[in-house]
Amino acid sequence: MGFGVLGVFLGLLLEVSTHGPHAVPRTSWRHQDLDLMEFSEPAIFNYSTLLLSEDRDALYVGAREAIFELSKKNVTVKHNKVQWTVAENHMLMCTQKGKSRERDCLNYIRVLQVVDDKQLYVCGTHAFQPQCDHLNLADFSLGGRPEDGRGKCSFDPSQSFTTVMVDGELYSGTAYNFLGSEPIISRYSPSQSLLRTEYSTSWLNEPSFVFADVISEGSNRVDGEDDKIYYFFTEVSVEYEFFGKLLIPRVARVCKGDLGGQRTLQKKWTSFLKAKLVCSMPELNFVFNVVHDVFILKGANWRDTVIYGVFTSQWGNVGLSAVCAYNMTAVEEVFSKGKYMQKATVEQSHTKWVRYNGITPSPRPGACINNQMRRQNISSSLHLPDKTLQFVKDHPLLEDPVLPIGNRPRLITKDVNYTQIVVERVRALDGNIYDVIFTGTDKGVVHKSVVYEGEVHIVEEIQLLKNSESIKNLLLSSETRSLYAGSDSGVVQSPTAFCGRYMSCEDCVLARDPYCAWDLHTACVNIFDAPSQRLRKLIQSLNGDADKCPSVASGRSLKDYQRVTVKLGSSAELPCLVRSNLAQVLWKSNGSVLTEASRFHLVGENGLLIYSVAPEDQGHYECWSVEWAPAAGKNFSRLLAGYVLTLDLPPRAPHQAGHVTTLGSQEKSSTHAAEGNGKTDRVLLTSALAPPSFTATVQFTSPPQTDSSLTPPPSSTIKFLSKQRLPLSSNAPRPDSQDPAAEYLQHSNSIALLFLFLLFFLLFLTALAYNCYMQYLPAPCLRLRAALLGSHKSADQTEYRACEEGLMMEASAPEKNNMKEQPTQNGSQTTQNLRALRDTGYETEPECGNGQIPSHTFGDDSLSQEKPFDVECESQPIQFADAD
Ligand SMILES: *[C@@H]1O[C@H](CO)[C@@H](O)[C@H](O)[C@H]1NC(C)=O
Ligand SMILES: *[C@@H]1O[C@H](CO)[C@@H](O)[C@H](O)[C@H]1NC(C)=O
Ligand SMILES: *[C@@H]1O[C@H](CO)[C@@H](O)[C@H](O)[C@H]1NC(C)=O
Ligand SMILES: *[C@@H]1O[C@H](CO)[C@@H](O)[C@H](O)[C@H]1NC(C)=O
Ligand SMILES: *[C@@H]1O[C@H](CO)[C@@H](O)[C@H](O)[C@H]1NC(C)=O
Ligand SMILES: *[C@@H]1O[C@H](CO)[C@@H](O)[C@H](O)[C@H]1NC(C)=O
Ligand SMILES: *[C@@H]1O[C@H](CO)[C@@H](O)[C@H](O)[C@H]1NC(C)=O
């Protein structure tokens, strides 16, 4: 059964990876290859709050105990700085409450919002006593009259939270207390009292806020409805039964004109409603249930607005990230027409959320005031009838989910955790508008993708941060055509496109970058830099049809081939730089495709290494790239490099010593060879960093210790497959990634590979033996083990079984009602108490790390049918019932 689960899991991953859209970035740019603008100051960290000024040349940065004004044209230029530290008495209070002086009891600036063109509103965590102040832009000084920041800014610098300023009023989603246990969505305005959410798990249940913004619908709605503020967060689900805490991504909204109720919901939102955001692959039953960031791409009309979100699964080990897009009209539809959910009490203590099928009061609970209500003399929320208010207080959750456009993610990527997203609409030369998505990862990399006819193509990955750390904030300015990333260690500014780095027309077109086009007279240019009279002459094709390029480039003459002369028996390396991760590399010799013989190896990115050059190896060598452009439905072959290899024949054949015959010593010598090549590759790498050209250096390495006369000549055709993508993200964390010896060791010797293979085989055997010993493997092995050791682990085994059964039940929970025998546990009394408490308080709930909760059973059989998951489980399930 364990294998069943594992099988489902692996099958799922395989399916996900094969069915998902093409998610390999075409080009990878390393940090050291790019000339990015960076800012940081010594001893200042956590540059996590960014604000772009619309009318000034300013990027405001909130860091730890400091606020900066940088030039948005060049963030290395600092205009201003102000320090905001914590007074000693506040520090003392903070440390007395058990917080760390170096980490927690500092002032992390977390709110930067524009009040008017003269001042900003700024808030900091201020040693767990949040404070806000006004920042005067003229002299860049703080007002010095700090206000209470409770409900506007988080206490805990590591707790997620969000704010947005709308017409001078600050909307926040944060925690209202020191413990961080009282979540609140609030509006602070200088003239009115704080408007906030009800303190109840049905309103907010351990939310983790990611984003909030206003949609200004008011101005173009005929029904006279208000502007709305949308909040995005992940919270613990109340409506699904699960082992532990099942997270659910949500969108919630409030109306700007809300004033609270007269009697019911006084000083509370009367318009708070929330719905589930769905980002899943329905055909695979796979759900992305944690939202990390949201970007609202606003159109001229609010109906053209598209909401983009980045998601991962609660189980980080699945290693998948997704981008889902939502149509604003669909969101609005759910809020204005969706069915409500209602808490139903089953038996005494157990509550369940079900659809509300009764009559909803009028006006519709949670709706903004519109003309129809005004005609009924309801001109503000203060006039709403108690029946409506009481209903919305008890039913803030809508049943209908918000589904993504196309009912599936726009983009799914493996082995990355997206943390941030920004999107820009770009009008390409074909006159169409494309959404360009920039997603930042927890490893300091940004992926740039373009949506073409509903499919996503990842144009490039950019290693924005020098170190492998999380991108905490990502902003985009169309004006400076820059991306700004904030991280714990600094701020980085990057152009939105790297057109100039594509050296040929084919490369420029195959990149499918809407910002870039090929100018016949110069190079690959940014279309927004090109003079408008030239635009019609530029070559751009977003489906990657490189046939639009003039064909001169592919017909290189033999004169262009680089001459390479080597001594008999020595090795030759022919570099070939392929920038595209989507291309396959073919080496041709004398016009026919080279085959994999023991003496030919791919080295470096895609260079060819020929061991012990023999007379018959002389001739022409060509490096070809074959790139499949799916949108154009064509393969594009290009000649990237050409060489003429000749032998520098010495008077007599050089004497070769140390000829190897036995396997054992061959293994040793292979290590030697690998080391030798490592040194060679160091030189090679430097050449690979130069722009691709025909002047690449050629290395002469000492021959590996094999006799050239014994090496068979190359046989016929096998092609070399290109190495898949530059491993930016895996490179980055390695501080010594400058050492190419380690980087390219893998390519150097097939004997080394054999050795590695043997090593892994041994490891595999060990793992097998270990798993057998630990009883992870099935019957035959267990019998063997039992025979050897006897079976004293059977107690664990039952528990494990129970867990598996729970998993299986969970996967099919909605349909299956057949009751399973479950191992009954004690302590159901305590659990009942806990459940009773769950509905009213947060703090009382035990903290269950890793989703493990104390197991519980329900005495009544009829109840158990709905709750078959009362098992203690060590492992985490990979799939859950939230798959409608
Ligand atoms: C940005 O400013 C720095 C410092 O003034 C300067 O050295 C650098 O050249 C500037 N970069 C650009 C792209 O203007
Ligand atoms: C602040 O930056 C430091 C240093 O990089 C990091 O260790 C810490 O986790 C950051 N704290 C927060 C709250 O982001
Ligand atoms: C959103 O949905 C509406 C109605 O179905 C449609 O008219 C509109 O074009 C859609 N917008 C986008 C951006 O898909
Ligand atoms: C609305 O108020 C006006 C004046 O107070 C009153 O004349 C009218 O009957 C009211 N209309 C409704 C529908 O209650
Ligand atoms: C993604 O994040 C999870 C949880 O933080 C972590 O376990 C996992 O290793 C990360 N994956 C990648 C590819 O960085
Ligand atoms: C290429 O052609 C030349 C001359 O025809 C021949 O001597 C040489 O052996 C060929 N080389 C390869 C690698 O086939
Ligand atoms: C494109 O090239 C790849 C690799 O060489 C090959 O597998 C594929 O069949 C080719 N497709 C077409 C349509 O020529």
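One-based numbering, in listed order, for ligands and for the atoms of each. In this text, all values refer to a predicted model and were calculated from it rather than measured experimentally.
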Practice problem: Distance to 0.1 Å, residue and atom name: give those for the protein heavy atom nearest to atom 13 (C) of ligand 3. | Solution: Val306 CG2, 3.6 Å
Quiz item: Hey, is Lys472 touching ligand 2 through its side chain, its backbone, both or neither, going by heavy atoms under 4.0 Å?
Solution: side chain
Quiz item: ring pair (Phe, Tyr, Trp, His ring centres under 6.0 Å) with Phe128: which of Phe155, Phe178, Tyr108?
Solution: Phe178
Quiz item: Just one of Val456, Val426, Val451 clears the side-chain contact (heavy atoms from CB on, under 4.5 Å) bar with Asp435, so which one?
Solution: Val451
Quiz item: Just going by heavy-atom distances, which of Asp415, Val416, Asn417, Thr413 is nearest to atom 10 (C) of ligand 5?
Solution: Asn417
Quiz item: Are Glu69 and Lys78 within salt-bridge range, i.e. N to O under 4.0 Å?
Solution: no
Quiz item: Relative to Tyr452, does Arg512 satisfy both conditions: NZ or CZ under 6.0 angstrom from the six-membered ring centre, and within 45 degrees of the ring's axis?
Solution: yes
Quiz prompt | Minimum-distance protein heavy atom relative to atom 4 (C) of ligand 3 | solution = Thr329 CG2, 4.2 Å
Quiz item: Looking at Lys443, which atoms of ligand 5 are within less than 4.0 Å of one of its heavy atoms?
Solution: 12 (C), 14 (O)
Quiz item: From Arg110 CZ over to Thr163 OG1, what is the distance, rounded to the nearest 0.5 angstrom?
Solution: 9.5 Å
Quiz item: Considering only heavy atoms of Asp442, which atoms of ligand 5 have at least one such atom less than 4.0 Å away?
Solution: 1 (C), 14 (O)
Exercise. Using a strict 4.0 Å threshold on nitrogen-to-oxygen distance, state whether Lys228 and Glu225 make a salt bridge.
Key: yes
Quiz prompt | Contacting atoms of ligand 2, where contact means under 4.0 angstrom from a heavy atom of Pro157 | solution = 13 (C)
Quiz item: Considering only protein heavy atoms, which is closest to atom 9 (O) of ligand 2, and at what distance to one decimal place?
Solution: Asp488 OD2, 4.2 Å
Quiz item: For atom 7 (O) of ligand 2, is the nearest protein heavy atom under 4.0 Å away?
Solution: no
Practice problem: Answer yes or no: does an N/O atom from Asn46 fall short of 3.5 Å to an N/O atom of ligand 2? | Solution: yes
Quiz prompt | Distance filter under 4.0 Å to Asn327 heavy atoms, resulting ligand 3 atoms | solution = 1 (C), 2 (O), 3 (C), 8 (C), 10 (C), 11 (N), 12 (C), 14 (O)
Self-check item: Candidate list Glu460, His457, Glu424, test side chain to side chain donor-acceptor pair (under 3.5 Å), partner Lys448, passing option
Solution: Glu460
Quiz item: Nearest 0.5 Å, what's the NZ-OG distance between Lys466 and Ser487?
Solution: 10.0 Å
